[in-house]
Amino acid sequence: MKPLTDPIVLALQDPTRTLTFDDRGWDLLVRQGRSTNLLAKLAAELDARHALDAVPLAPRQHLASTLLMARRQAESLRWEVTCIQHALAQVDATPTLLKGAAYVMAGLAVAIGRTFSDVDILVPKKALEHTEISLKIHGWQGGHYDAYDQRYYRRWMHEIPPMRHIRRGTTIDVHHTILPETARIRINTPALFAQLQPLPGHDRLCVLPPVDMFLHSATHLFHEGEFEKGLRDLFDLDALLRELGSEPTFWERLVPRATQLGLERPLFYALRYSTALLGTPVPEQVLRAAQVGRPSAATLMLMDWCYSRALRPMHQSVEGVGVRMARLALYLRSHWIRMPMPLLVYHLGRKAVLAIATNEDRKPPPTAPGAAASGDTKTPVAAG
């Protein structure tokens with residue numbers, strides 16, 4: 001595999017190279033940055049190097065606005081976490097923050113310039129009902145999910161349906177583990193809960209320990225079937241390894257902990273594609289140990305072909321038949337590895353039928369014979 005060379009990737013790896021870009025180069029870079037949710041991260045990198053003021057005015061305005069939005073989102077997220085903490089004060093379980101919320105509250109560098117769409121928390125399965133009730137009392141409500149979707153989430157998935165606050169419009173995802181219980185990978189959930197760490201300065205809030213935090217991020221990306229944020233998530237892995245890898249025991253605990261939790265395969269993929277596509281520094285002995293999660297040669301060849309394309313920016317500048325095929329293949333794979341075949345056939349078949357029905361509903365009504373089409377500005381020819 002070759003490293004990614006898309007403008008947004010190159011700019012994040014060496015932000016100062018953007019100072020040589022012409023107008024066309026900046027135009028493409030800003031568009032790719034927005035489509036991948038990485039523009040604020042680039043702005044933060046330039047700002048940290050005191051190079052933002054050297055950017056031409058038009059792209060600088062885009063960078064400055066998205067950086068301001070990311071900072072305001074981080075402030076709002078801290079307030080949202082406080083509200084969640086208050087809402088769950090009487091629940092007999094300490095909620096654990098996941099992913100973006102954990103990065104912000106733990107003060108990790110990966111959170112700088114990162115944008116958010118929701119807050120993810122983890123609670124024991126036995127506490128799900130009390131957690132959901134408490135959130136409803138404090139203003140969060142479930143979405144408009146039909147009976148099938150409710151059953152699908154509650155019986156098969158690793159989370160309940162997302163909940164949205166009626167006043168603030170914020171969304172919370174409540175998990176009881178990190179992969180569906182029907183997934184081919186069986187998570188050692190008790191071992192996951194056994195090593196949660198209290199969040200310093202916040203009563204009754206936890207985060208995953210550094211190794212588990214990375215493993216969860218890897219598991220999320222390499223079981224995902226949608227790639228709008230795929231490149232952003234790959235950069236998350238890169239940033240986490242660069243930051244957490246400085247801790248004394250991180251590297252020596254990484255592979256054994258993945259084995260204990262049952263996450264050898266996503267760890268293998270995370271290390272393989274972050275090093276190959278982004279050049280993430282990983283000790284050679286860790287790469288060798290991670291081979292325990294290596295798939296068969298044929299599977300690996302297919303995964304290399306798919307991920308080297310699917311993890312490129314979700315932007316028309318890189319769209320092509322190969323990229324679309326890779327993302328479709330990984331979308332189907334994401335369903336295949338998280339549910340048994342009978343459920344998979346029924347679930348995808350139902351989604352296809354609903355998609356067809358929705359498209360039919362959206363079609364404009366047929367125009368009566370002889371009637372002028374909507375938007376037709378031609379003047380009818382008078383009879384006679």
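All figures in this text were calculated on a predicted structure; none of them were measured in a lab.
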Taking the side chain from [X] and the backbone from [Y], do they hold a donor-acceptor pair closer than 3.5 Å?
X      : Y      : answer
His223 : Thr219 : yes
His220 : Leu215 : no
Gln197 : Val207 : no

A side-chain contact here means heavy atoms from C-beta on lying under 4.5 Å apart; do Tyr153 and Ile160 qualify? no
Using a strict 4.0 Å threshold on nitrogen-to-oxygen distance, state whether [X] and [Y] make a salt bridge.
X      : Y      : result
Glu319 : Arg327 : yes
Arg114 : Asp236 : yes
Asp6   : Arg312 : yes

From the list Leu311, Asp238, Leu12, side-chain contact (heavy atoms from CB on, under 4.5 Å) partner of Leu278 resolves to Asp238
His315 and side-chain contact (heavy atoms from CB on, under 4.5 Å): which single residue from Leu231, Leu28, Thr36 fits? Leu28
Under 3.5 Å, is there a donor-acceptor pair linking the side chains of [X] and [Y]?
X      : Y      : answer
Thr275 : Thr280 : no
His62  : Arg34  : yes
Thr171 : Asp173 : no
Glu80  : Thr170 : yes

Contacts of type side-chain hydrogen bond (donor to acceptor under 3.5 Å, both in side chains), residue Asn37, not counting sequence neighbours: none
Stepwise salt bridge (Lys or Arg N to Asp or Glu O under 4.0 Å) test for Arg253 and Asp212: CA-CA 10 Å; Arg253 296 187 63 245; Asp212 291 7; 5.7 Å; no
